[in-house]
Amino acid sequence: MCSSRTCMPDNFAETREIAMPHTSSDIYWEEHGQGPLTLVMLPGFGASADSMTGIARHLSGFRVLIFDLPGHGRSVRAPADGRLSTLAATLHDAINDAGADAYCLVGYSLGGAIAVRIALDHPDEVRALVGVVPWNAAGTTAGDAVIAGFDAVYGNVEALTRAVAAISLDPSKTSTLTSSMLTVTEQMWHGWLAGGALTSQADELSEIRIPTCYILGGKDVVVDQTKQLDDVRRIPGGRAVLLSELGHLCGLETPDVVAYEISNFLETEIRADPAESR
């Protein structure tokens with residue numbers, strides 16, 4: 001099912017929990033909030049856990065664990081070759097080390113593709129899957145101008161600043177992304193942009209049997225929306241919410257809107273179902 005909306009209730013409040021930082025097996029993660037349901041959040045390519053804290057502040061009633069991806073931020077010592085299978089395996093181990101054994105996965109952009117891989121490889125551990133402007137499962141081609149452009153400017157501050165602004169709707173809210181991109185290891189950078197981004201796991205999507213929702217941005221210039229919707233059609237019972245005024249960096253620009261959609265989906269699919277209570 002696909003729906004489109006741009007608003008949320010006026011009483012959707014922001015919470016301000018103190019983050020608890022941790023490091024496990026060279027993977028950095030932090031904990032926000034408390035609640036009976038655990039949400040594991042995976043940032044996008046080039047981003048750090050900090051990019052997801054704005055969303056987490058609006059997720060009341062959940063225990064939220066945000067991880068730096070391997071080769072990113074404070075996880076630069078973790079092995080990171082840019083392949084979805086190895087990224088997912090490393091993060092899965094770190095998630096288990098964090099004490100999460102039945103959790104909902106929220107993946108942003110590249111984090112969305114990694115979340116799909118984890119859900120496929122460990123179906124008994126993941127209760128629900130949410131992709132926020134997720135990288136499409138079919139991958140891309142070597143001619144993808146946006147991906148190739150980022151690959152070519154590794155470590156170039158001025159070029160990365162321009163590139164981040166180009167995919168932003170409100171550059172004043174996304175400027176910190178350039179700094180986090182500069183922490184990404186060279187192996188991870190080229191390994192994903194010139195390798196992992198070209199791989200496909202689309203043919204496996206029909207194996208997903210958990211509640212799944214993609215939150216899509218109508219002004220996203222990074223990921224092909226047609227391919228994202230094709231992913232949703234391949235997932236049994238898959239749902240898509242199209243937010244017409246949001247771009248690829250909506251997690252930084254409008255985290256409250258993204259958080260509302262995550263909460264709304266999980267409230268409907270998990271908390272409202274007595275069979276899912278644990």
Side-chain angles (χ1 to χ4, degrees), residues 3-17 19 30 32 41-60 64 66 68-69 72-73 106-113 130-136 144-151 153-154 156-184 193 213-226 228 240-265:
S3 61
S4 175
R5 55 177 173 270
T6 58
C7 61
M8 61 184 180
D10 291 336
N11 62 353
F12 188 70
E14 178 181 5
T15 61
R16 294 188 180 275
E17 301 286 352
E30 55 189 46
H32 297 255
M41 303 185 74
L42 305 178
F45 176 73
S48 69
D50 295 339
S51 69
M52 305 291 276
T53 57
I55 299 173
R57 291 190 186 104
H58 293 276
L59 292 170
S60 60
V64 180
I66 309 176
D68 271 349
L69 300 183
H72 289 65
V106 179
Y108 193 106
S109 192
L110 166 58
V130 179
V132 180
V133 291
W135 181 249
N136 57 277
D144 187 315
V146 174
I147 299 302
F150 271 103
D151 187 37
V153 295
Y154 173 76
N156 186 323
V157 179
E158 293 183 0
L160 286 173
T161 299
R162 291 193 298 269
V164 169
I167 64 173
S168 303
L169 299 182
D170 185 352
S172 69
K173 296 181 178 180
T174 62
S175 57
T176 57
L177 184 56
T178 299
S179 297
S180 64
M181 282 186 167
L182 293 172
T183 71
V184 180
L193 293 171
C213 180
Y214 275 18
I215 300 171
L216 310 180
K219 295 184 178 180
D220 189 343
V221 296
V222 175
V223 186
D224 188 320
Q225 191 176 103
T226 300
Q228 290 172 321
V241 176
L242 174 61
L243 302 175
S244 59
E245 296 301 313
L246 269 61
H248 193 70
L249 301 184
C250 54
L252 291 170
E253 294 168 328
T254 53
D256 53 340
V257 176
V258 175
Y260 170 73
E261 294 298 342
I262 294 171
S263 295
N264 183 61
F265 175 69

Hey, what do you get for [atom1] ([X]) to [atom2] ([Y]), rounding to the nearest 0.5 Å?
X: Glu261; Y: Ile55; atom1: CD; atom2: CD1; value: 12.0 Å
X: Leu169; Y: Leu246; atom1: CG; atom2: CG; value: 7.5 Å
X: Thr178; Y: Arg162; atom1: OG1; atom2: CZ; value: 10.5 Å
X: Phe45; Y: Leu177; atom1: CZ; atom2: CG; value: 9.5 Å
X: Ser109; Y: Leu42; atom1: OG; atom2: CG; value: 11.5 Å
X: Ser51; Y: Ile66; atom1: OG; atom2: CD1; value: 8.0 Å

Check: [Y] and [X] side chains under 4.5 Å, non-hydrogen atoms:
X: Thr174; Y: Ile167; value: no
X: Val164; Y: Pro171; value: no
X: Val146; Y: Val221; value: no
X: Glu30; Y: Thr53; value: yes
X: Glu245; Y: Val257; value: no
X: Tyr154; Y: Leu160; value: no
X: Val223; Y: His248; value: yes
X: Cys250; Y: Val133; value: yes

Notebook entry, point to check: Given Leu182 and Val184, is the side-chain contact (heavy atoms from CB on, under 4.5 Å) satisfied, shown in steps?
Noted result: CA-CA 6 Å; Leu182 293 172; Val184 180; over 6 Å; no
Heavy atoms only: give me the nearest [X]-[Y] pair and the separation to one decimal.
X: Gly217; Y: Gln225; answer: O-NE2, 3.4 Å
X: Tyr108; Y: Gly251; answer: OH-N, 3.0 Å
X: Lys173; Y: Glu253; answer: NZ-O, 3.4 Å
X: Ala240; Y: Leu216; answer: CB-CD1, 4.4 Å
X: Cys213; Y: Val241; answer: SG-CG2, 4.0 Å

Heavy-atom donor-acceptor pair, [X] side chain to [Y] backbone, under 3.5 Å:
X: His72; Y: Gly46; result: yes
X: Ser263; Y: Tyr260; result: no
X: Gln228; Y: Pro134; result: yes
X: Tyr214; Y: Gly112; result: no

Check: Of all residues at least two apart in sequence or in a different chain, which pass the salt bridge (Lys or Arg N to Asp or Glu O under 4.0 Å) check with Asp220?
Finding: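 Expected list: none.
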Next item on the list: Let me see the working for Val106 and Ile262 under side-chain contact (heavy atoms from CB on, under 4.5 Å), right down to the final yes or no.
Entry: CA-CA 8 Å; Val106 179; Ile262 294 171; 3.7 Å; yes
